[in-house]
Q: 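Sharing a structure, written as structure tokens. Questions coming.
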Amino acid sequence: MFPEFTLRYANFPERFYARFDPVPVKAPRLVAFNRPLAEALGLDLDAYDETAAAEWFSGNRVPDGAAPLAQAYAGHQFGHFNPRLGDGRAVLLGEVTDRDGRLRDIQLKGAGCTPFSRGGDGRAPLGPVLREYLISEAMQVLGVPTARALAAVTTGERVVRGVPEPGAVLTRVASSHLRIGTFQYFAARGDSEAVLQLADHAIERHYPELADIEPPGARYLALFEAVQARQAALVARWMGLGFIHGVMNTDNTSISGETIDYGPCAFMERYDPATLFSSIDEGGRYAYANQPRIVQWNLARFAETLLPLIDDDQQRAIARASEILEAYPGRYEAEWLAVMRAKLGLGEALASSDQADRELVDALLEALQAGRADFTLAFRRLCDAAEGEEQELVALFERAEPIQAWLAEWRRRLAQEDVEGSEIARRMRLANPAYIPRNHRVEEALAAAIDEDDFAPFERLMQVLARPFEERVADADYAQPAPPSARVFRTFCGT
């Protein structure tokens with residue numbers, strides 16, 4: 001069923017991982033399967049059989065050519081360094097080349113207690129598995145770089161996270177599972193040879209355009225700059241959707257620039273920069289407004305691991321890496337402003353418009369906060385306002401005056417575009433989704449699956465989120481924020 005595996009990571013020295021076969025489960029049952037992704041990966045769907053697929057995706061059968069392993073990594077968790085984390089319940093089967101010629105990791109999450117489990121049971125509850133499946137696939141169609149979900153399997157066993165829950169295994173696909181924490185693991189041990197191998201692997205896999213840069217120190221400095229560029233673009237997209245990752249630890253920060261390790265993630269409804277949901281983020285370190293700053297902090301930790309590769313003289317290496325790191329705010333600002341301009345229907349061709357457009361965006365965000373308006377719905381109704389229909393937008397605000405004053409300024413700016421309102425609205429509807437994974441809808445779907453073995457709400461939500469930019473009367477309820485009785489204030493990792 002699987003295409004041929006390559007074993008690039010398994011061919012690293014064994015200090016990079018621990019060999020580990022998935023632990024068989026009692027009664028695997030396939031509950032979600034991503035056929036379009038399977039087709040893109042080159043899986044043999046003509047030979048597809050649901051019972052056999054459950055065996056493959058649970059880890060009960062290891063595909064021919066795979067070499068299962070748990071990867072070693074470290075990480076700063078909420079600012080505190082842990083020198084030895086690693087895959088405590090995940091197993092990398094290997095890499096496959098998809099139909100577009102791109103290399104993809106295939107990993108089983110919830111596959112058993114690995115040597116890195118740190119006292120855990122190595123298993124995953126059904127709820128977090130379905131949450132990652134649902135939200136990662138939603139992020140994909142929303143245009144956000146992300147790890148993806150290929151399959152979800154229930155195990156016929158119970159796992160205990162406060163209360164017993166059904167167990168599950170997620171098959172995750174990613175450009176790679178290289179993390180900032182992977183580099184930190186070896187840097188903390190003074191293993192510069194391993195850091196060099198990782199850096200060369202990252203360049204070959206994700207940034208091949210850097211391979212011929214000479215001297216080598218300049219090449220690894222360019223690697224740092226390239227990772228920074230992707231991370232700035234990634235978090236700008238998060239911010240444009242009101243997405244809050246929840247655990248932006250360095251071990252959850254991908255070198256490829258993909259969103260990875262969905263845990264207590266959620267989408268903001270009422271606009272408030274201080275919004276957070278994660279039950280373990282007691283200090284608000286990873287709140288919505290803090291995410292751009294945390295990315296820069298994480299990148300600084302990455303730079304520290306590369307210093308011996310950048311220059312033999314540590315002070316020169318620090319100076320060179322610092323110069324790039326100090327450019328991050330400007331890079332992020334440009335990425336974020338591009339995202340927000342698209343959401344407001346603004347082009348980028350006007351000379352000297354950056355500051356004015358930034359002020360326009362800031363004024364809208366202030367109006368959203370003052371009016372306690374829903375972030376996603378307000379931007380979607382703004383698309384209608386581009387065609388002169390303002391009533392539904394204004395009705396979202398508890399205080400109408402700030403948004404009405406802002407609309408007048410926005411219209412003056414739109415007049416400079418020299419584009420018909422219908423065309424501006426069309427472009428805006430491609431940048432402002434009608435449907436996101438609203439927290440109460442996610443929780444409803446998970447509760448039905450966990451408590452009643454009913455996957456219909458999950459499947460229905462997946463269908464709605466598959467076409468997020470196309471507004472449909474039949475799905476109107478899915479565009480609405482939670483009623484007061486259903487609001488979600490806390491989300492959980494499920495580890």
Side-chain angles (χ1 to χ4, degrees), residues 31-43 45 57 90 95-109 128-152 170-178 206 230-231 233-246 248 252-268 291 335 339 342-343 376 380 429-439 441-442 445-446 458-472 475 478-479:
V31 295
F33 180 56
N34 191 336
R35 292 186 72 91
L37 178 57
E39 173 68 24
L41 290 171
L43 271 66
L45 295 182
F57 294 127
E95 307 92 2
V96 301
T97 301
D98 69 14
R99 293 186 185 276
D100 291 328
R102 299 172 300 183
L103 207 59
R104 293 288 183 265
D105 280 5
I106 297 185
Q107 183 196 71
L108 302 180
K109 189 173 180 180
V129 163
L130 293 182
R131 178 186 290 274
E132 178 160 350
Y133 191 112
L134 192 154
I135 296 184
S136 64
E137 286 305 296
M139 294 284 269
Q140 170 70 18
V141 293
L142 287 167
V144 181
T146 181
R148 300 189 62 188
L150 177 59
L170 176 75
T171 303
R172 181 163 70 183
V173 176
S175 293
S176 80
H177 287 82
L178 288 177
H206 299 301
R230 288 198 188 176
Q231 284 292 328
L234 178 65
V235 76
R237 289 180 179 270
W238 290 0
M239 300 297 282
L241 291 168
F243 175 76
I244 302 166
H245 185 278
M248 293 175 65
N252 295 335
T253 306
S254 169
I255 298 301
S256 69
E258 292 180 326
T259 313
I260 197 168
D261 287 323
Y262 292 87
C265 59
F267 285 77
M268 178 171 58
Q291 292 182 133
E335 295 284 357
V339 167
K343 291 176 75 67
T376 300
R380 187 68 184 187
R429 291 188 181 105
L430 297 176
N432 293 298
Y435 309 101
I436 58 167
R438 290 192 176 272
N439 306 323
R441 291 292 183 181
V442 173
L446 302 192
F458 172 81
E459 293 164 1
R460 175 75 176 107
L461 186 54
M462 288 289 298
Q463 291 173 355
V464 171
L465 296 174
R467 295 182 294 161
F469 299 102
E470 177 188 328
E471 206 158 349
R472 302 171 295 275
D475 297 331
Y478 287 87

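Owing to the predicted nature of the structure, the values given are computational and were not obtained by experimental measurement.
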Q: Take R131 and L170, measure what side chain to side chain contact (heavy atoms under 4.5 Å, CB included) needs, and give me the verdict at the end.
A: CA-CA 10 Å; R131 178 186 290 274; L170 176 75; over 6 Å; no

Q: Listed by chain and number, what are the side chain to side chain contact (heavy atoms under 4.5 Å, CB included) partners of E470, not counting sequence neighbours?
A: R467, R472

Q: With sequence neighbours excluded, what pairs up with S176 under the side-chain hydrogen bond (donor to acceptor under 3.5 Å, both in side chains) test?
A: H206

Q: Taking salt bridge (charged side-chain N to carboxylate O under 4.0 Å, His left out) as the test, write out the residues that go with R438, two or more places apart.
A: E269, D374

Q: Measure across A138 and P437 and return the closest heavy-atom pair with its distance rounded to 0.1 Å.
A: CB-CG, 3.5 Å

Q: Among residues at least two apart in sequence or on other chains, which ones pass side chain to side chain contact (heavy atoms under 4.5 Å, CB included) with L103?
A: T6, R8, E95, T97, R205

Q: Do E137 and L465 make a side-chain contact, defined as non-hydrogen atoms from C-beta onward lying under 4.5 Å apart?
A: no

Q: Taking side-chain hydrogen bond (donor to acceptor under 3.5 Å, both in side chains) as the definition, give me every residue that meets it alongside R380, ordered by chain and number, with sequence neighbours left out.
A: E471

Q: Testing the basics here: between L461 and A445, what is the closest heavy-atom pair and its distance to 0.1 Å?
A: CD2-CB, 4.4 Å

Q: For Y262, check ring pair (Phe, Tyr, Trp, His ring centres under 6.0 Å) against everything at least two apart and list the hits.
A: none

Q: Which is it for F33 and L150 under the side chain to side chain contact (heavy atoms under 4.5 Å, CB included) test, yes or no, and what are the steps along the way?
A: CA-CA 6 Å; F33 180 56; L150 177 59; 4.2 Å; yes

Q: Identify, with sequence neighbours excluded, every residue that meets side-chain hydrogen bond (donor to acceptor under 3.5 Å, both in side chains) alongside R172.
A: Q107, E132, H177, D261

Q: Applying side chain to side chain contact (heavy atoms under 4.5 Å, CB included), can you list everything that pairs with A152, at least two apart in sequence or on another chain?
A: V31, A32, V129, L130, Y133

Q: Which pair of non-hydrogen atoms, one from I260 and one from A147, has the smallest distance, and what is that distance?
A: CG1-CB, 4.2 Å

Q: Can you name the nearest heavy-atom pair linking A38 to L45, along with the distance?
A: CB-CD2, 4.0 Å

Q: Which pair of heavy atoms, one from I436 and one from F267, lies closest together, and at what distance?
A: CD1-CB, 3.7 Å

Q: Using only atom types and a distance under 3.5 Å, with no angle test, would you say the side chain of T259 pairs donor to acceptor with the backbone of P145?
A: yes

Q: Could I get the full list of side-chain hydrogen bond (donor to acceptor under 3.5 Å, both in side chains) partners for Y435, not counting sequence neighbours?
A: none

Q: Does any non-hydrogen side-chain atom of L134 lie less than 4.5 Å from one of M462?
A: yes

Q: Tell me every residue that passes side chain to side chain contact (heavy atoms under 4.5 Å, CB included) with Q291, counting only those two or more places apart in sequence or in another chain.
A: V235, W238, M239, I244, H245, M248, Y288

Q: For residues 34-43, pull every pair meeting salt bridge (charged side-chain N to carboxylate O under 4.0 Å, His left out), keeping only residues two or more places apart or in separate chains.
A: E39-R99

Q: Can you list everything that forms a salt bridge (charged side-chain N to carboxylate O under 4.0 Å, His left out) with R230? Sequence neighbours excluded, please.
A: none

Q: I'd like to know if the side chain of N432 reaches the main chain of K343, judged simply by a donor and an acceptor atom lying under 3.5 Å from each other, with no hydrogens or angles considered.
A: yes

Q: Between N439 (side chain) and A266 (backbone), is there a donor-acceptor pair under 3.5 Å?
A: no

Q: Less than 4.5 Å apart, side chain to side chain, heavy atoms only: is that true for I135 and F243?
A: yes

Q: Are the side chain of D100 and the backbone of R102 linked by a donor-acceptor contact shorter than 3.5 Å?
A: no

